[in-house]
There are 2 protein chains.
Amino acid sequence: MATASPAQDTRSAILSAGQAIMGRKGYSGVGLTEILTAAGVPKGSFYHYFASKDAFGEAMVAAYFEDYLAGMDAIIARSGLTAAERLMLYFADWRENQVAYDCQGRCLAVKLGAEVADLSEPMRLALKAGTGGVVSRLEAMLRAGIADGSLRFEGHTGDVAASLYNLWLGASVMVKIERSHEPFEAALRTTRRMLAMSRA
Amino acid sequence: MATASPAQDTRSAILSAGQAIMGRKGYSGVGLTEILTAAGVPKGSFYHYFASKDAFGEAMVAAYFEDYLAGMDAIIARSGLTAAERLMLYFADWRENQVAYDCQGRCLAVKLGAEVADLSEPMRLALKAGTGGVVSRLEAMLRAGIADGSLRFEGHTGDVAASLYNLWLGASVMVKIERSHEPFEAALRTTRRMLAMSRA
DNA sequence: AGGAATGATTAGACCGGTCGTCTAGAGCGT
DNA sequence: ACGCTCTAGACGACCGGTCTAATCATTCCT
């Protein structure tokens, strides 16, 4: 009982195999068989853990954002940095992860957002909850940056946080399309300009 | 010979049915049969006009951007407007089109970008050419706006054009996810701020 | 302690739909 | 009448998600 039960292991094995493969090939383009084979789990087990592919997708997105937001919180909790530095660290991580694998990054919001939002209501809501969490954390960092004087900007904090996220989301799509990291560099320059930051 | 040949009609019927359906359901999620039924074209004809689903996708994206860029050029060519007004007109159109159909807009760059870029090299290149055309037209509008004094901004024109596009691309994804037009309103405010525009 | 019962997990069959192909034949211009 | 473009839709091989039946581990009762 000390560690996770085998049932949980199987379940999360399916989940993480799904994240890896669907992050690469999308949702509709991937069959359960491929995920289950990769996870080393027999096909019949699937419907013991998930009611349908759709329900699986929902759980996968939720699990993805749980980890993702925990990572953000870790950056936010880091001591000895200004808010501006933490924000730059976050975007540097974003760029790093998304440029990996030959510019075919694995962020599920980027990869699945447009595809799945019109397809499945549960997945859409999971995506909405997750991205909402990201934006509200960005907003908190912006507020902290005003408080500690490390950055400044015009307009509502909520607008700026959302726009920053949208900018990086769009840049991530363009990185895939152009297969070049240049969109991220431009996004970085724009981010700095929007936040009146000196070259951090 | 005055009008398009019937062959061209059939071909473009398949193309436009494909745009409508794949704009809604994505690429992998749609079968040829569905498109051909909608177009009223029998299945056998398909492979006379296109070598494969992949080649069809490439042609579809190319055709989409041809129309799209023609629409942009029409806005650019319109007389009696400042560059800033033309730019606002463009983004207003974007918002309009994307909010239609209950926030499940039909822009193929938004819908297919992330899904297809990692899947098919020909489609990726078609997407790259199309989005490149959009950004370079935005850039031209920005230069015109500087020239006629209707807007001003800091940074390289190319960066600003690309960032504007990324911002709206990301906002379009978020509109799908949130099923609310609010991301566009925020993007509009940010756009105006970036370009030092008064409430046009 | 032995064995039956219970619930978790697996195995693989199942039907329907996928893309892509292929053989005919219809329609048209020459 | 001939040749060529285009249409027609059946077909095959395969893969999709789903479900029912059997197996396994565990627990509880006698």
Side-chain angles (χ1 to χ4, degrees), chain A residues 1-61 112 115-116 118-123 126, chain B residues 1-22 24-61 112 115-116 118-123:
Chain A
M1 281 293 173
T3 64
S5 70
Q8 281 307 313
D9 285 356
T10 303
R11 196 184 128 95
S12 58
I14 303 175
L15 247 14
S16 74
Q19 281 177 23
I21 297 176
M22 286 185 167
R24 200 148 44 82
K25 300 199 192 175
Y27 178 77
S28 299
V30 175
L32 267 3
T33 313
E34 183 177 357
I35 292 172
L36 293 166
T37 304
V41 171
K43 192 163 181 182
S45 298
F46 181 82
Y47 282 82
H48 176 69
Y49 296 102
F50 305 100
S52 63
K53 189 188 184 187
D54 194 72
F56 165 71
E58 182 189 2
M60 180 185 74
V61 170
L112 301 184
E115 180 187 359
V116 144
D118 303 330
L119 192 71
S120 151
E121 194 64 6
M123 288 184 79
Chain B
M1 279 294 173
T3 62
S5 69
Q8 281 306 312
D9 283 356
T10 302
R11 196 184 129 98
S12 57
I14 303 175
L15 246 14
S16 75
Q19 282 177 23
I21 297 175
M22 286 185 168
R24 201 149 43 84
K25 300 200 194 173
Y27 178 78
S28 300
V30 175
L32 267 3
T33 313
E34 183 177 356
I35 292 172
L36 293 166
T37 303
V41 171
K43 190 155 184 193
S45 298
F46 181 84
Y47 284 86
H48 176 68
Y49 296 102
F50 306 100
S52 63
K53 188 188 185 187
D54 194 71
F56 165 71
E58 181 189 2
M60 181 185 73
V61 170
L112 301 184
E115 179 187 359
V116 144
D118 304 330
L119 192 71
S120 152
E121 194 63 6
M123 289 185 78

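We name chains A, B, ... by the order of the sequence lines, and we start the count at 1 in each one.
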Q: With sequence neighbours left out, what residues match A:E121 under salt bridge (Lys or Arg N to Asp or Glu O under 4.0 Å)?
A: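 Applying salt bridge (Lys or Arg N to Asp or Glu O under 4.0 Å) to A:E121 gives A:R124, B:R179.
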Q: Using 0.5 Å steps for rounding, measure from the OG atom of B:S28 to the CE atom of B:M22.
A: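 Result: 8.0 Å between the selected atoms.
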Q: Can you pull out every salt bridge (Lys or Arg N to Asp or Glu O under 4.0 Å) where at least one residue sits in residues 37-59 of chain B? Sequence neighbours excluded, please.
A: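 Sorted pair list comes back empty.
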Q: Go through the structure and list residues passing salt bridge (Lys or Arg N to Asp or Glu O under 4.0 Å) with B:K25, not counting sequence neighbours.
A: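 Per chain and number, B:K25 pairs via salt bridge (Lys or Arg N to Asp or Glu O under 4.0 Å) with B:E34.
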Q: If the condition is side chain to side chain contact (heavy atoms under 4.5 Å, CB included), which residues does B:A55 pass it with, not counting sequence neighbours?
A: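 Applying side chain to side chain contact (heavy atoms under 4.5 Å, CB included) to B:A55 gives B:A51, B:S52.
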Q: Using a cutoff of under 3.5 Å, can you pull out all pairs of nitrogen or oxygen atoms linking the protein to nucleotides 12-17 of chain D, with atom names and distances?
A:
residue : atom : partner : partner atom : Å
D:dG16  : OP2  : A:T33   : OG1          : 3.3
D:dG17  : OP1  : A:K53   : NZ           : 3.0
D:dG17  : OP2  : A:L32   : N            : 2.6
D:dG17  : N7   : A:K43   : NZ           : 3.2
D:dG17  : O6   : A:K43   : NZ           : 3.0

Q: What integer distance in Å separates B:L36:CG from C:dG17:P?
A: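 Going from B:L36 (CG) to C:dG17 (P), I get 16 Å.
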Q: Roughly, in whole Å, what's the span from CZ in B:F50 to P in D:dC6?
A: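 In whole Å, D:dC6 P and B:F50 CZ are 12 Å from each other.
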Q: Check whether any side-chain N or O of A:Y49 sits under 4.0 Å from OP1 or OP2 of C:dA8, and answer yes or no.
A: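 The answer is no; no side-chain N or O of A:Y49 sits under 4.0 Å from OP1 or OP2.
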Q: Can you name the side chain to side chain contact (heavy atoms under 4.5 Å, CB included) partners of B:S45, sequence neighbours left out?
A: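 B:S45 satisfies side chain to side chain contact (heavy atoms under 4.5 Å, CB included) with B:V41, B:P42, B:Y49 only.
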Q: Just to confirm, is there a sub-4.0 Å distance from OP1 or OP2 of D:dC6 to any side-chain nitrogen or oxygen of B:H48?
A: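 True: B:H48 side-chain N/O within range (under 4.0 Å) of D:dC6 OP1/OP2.
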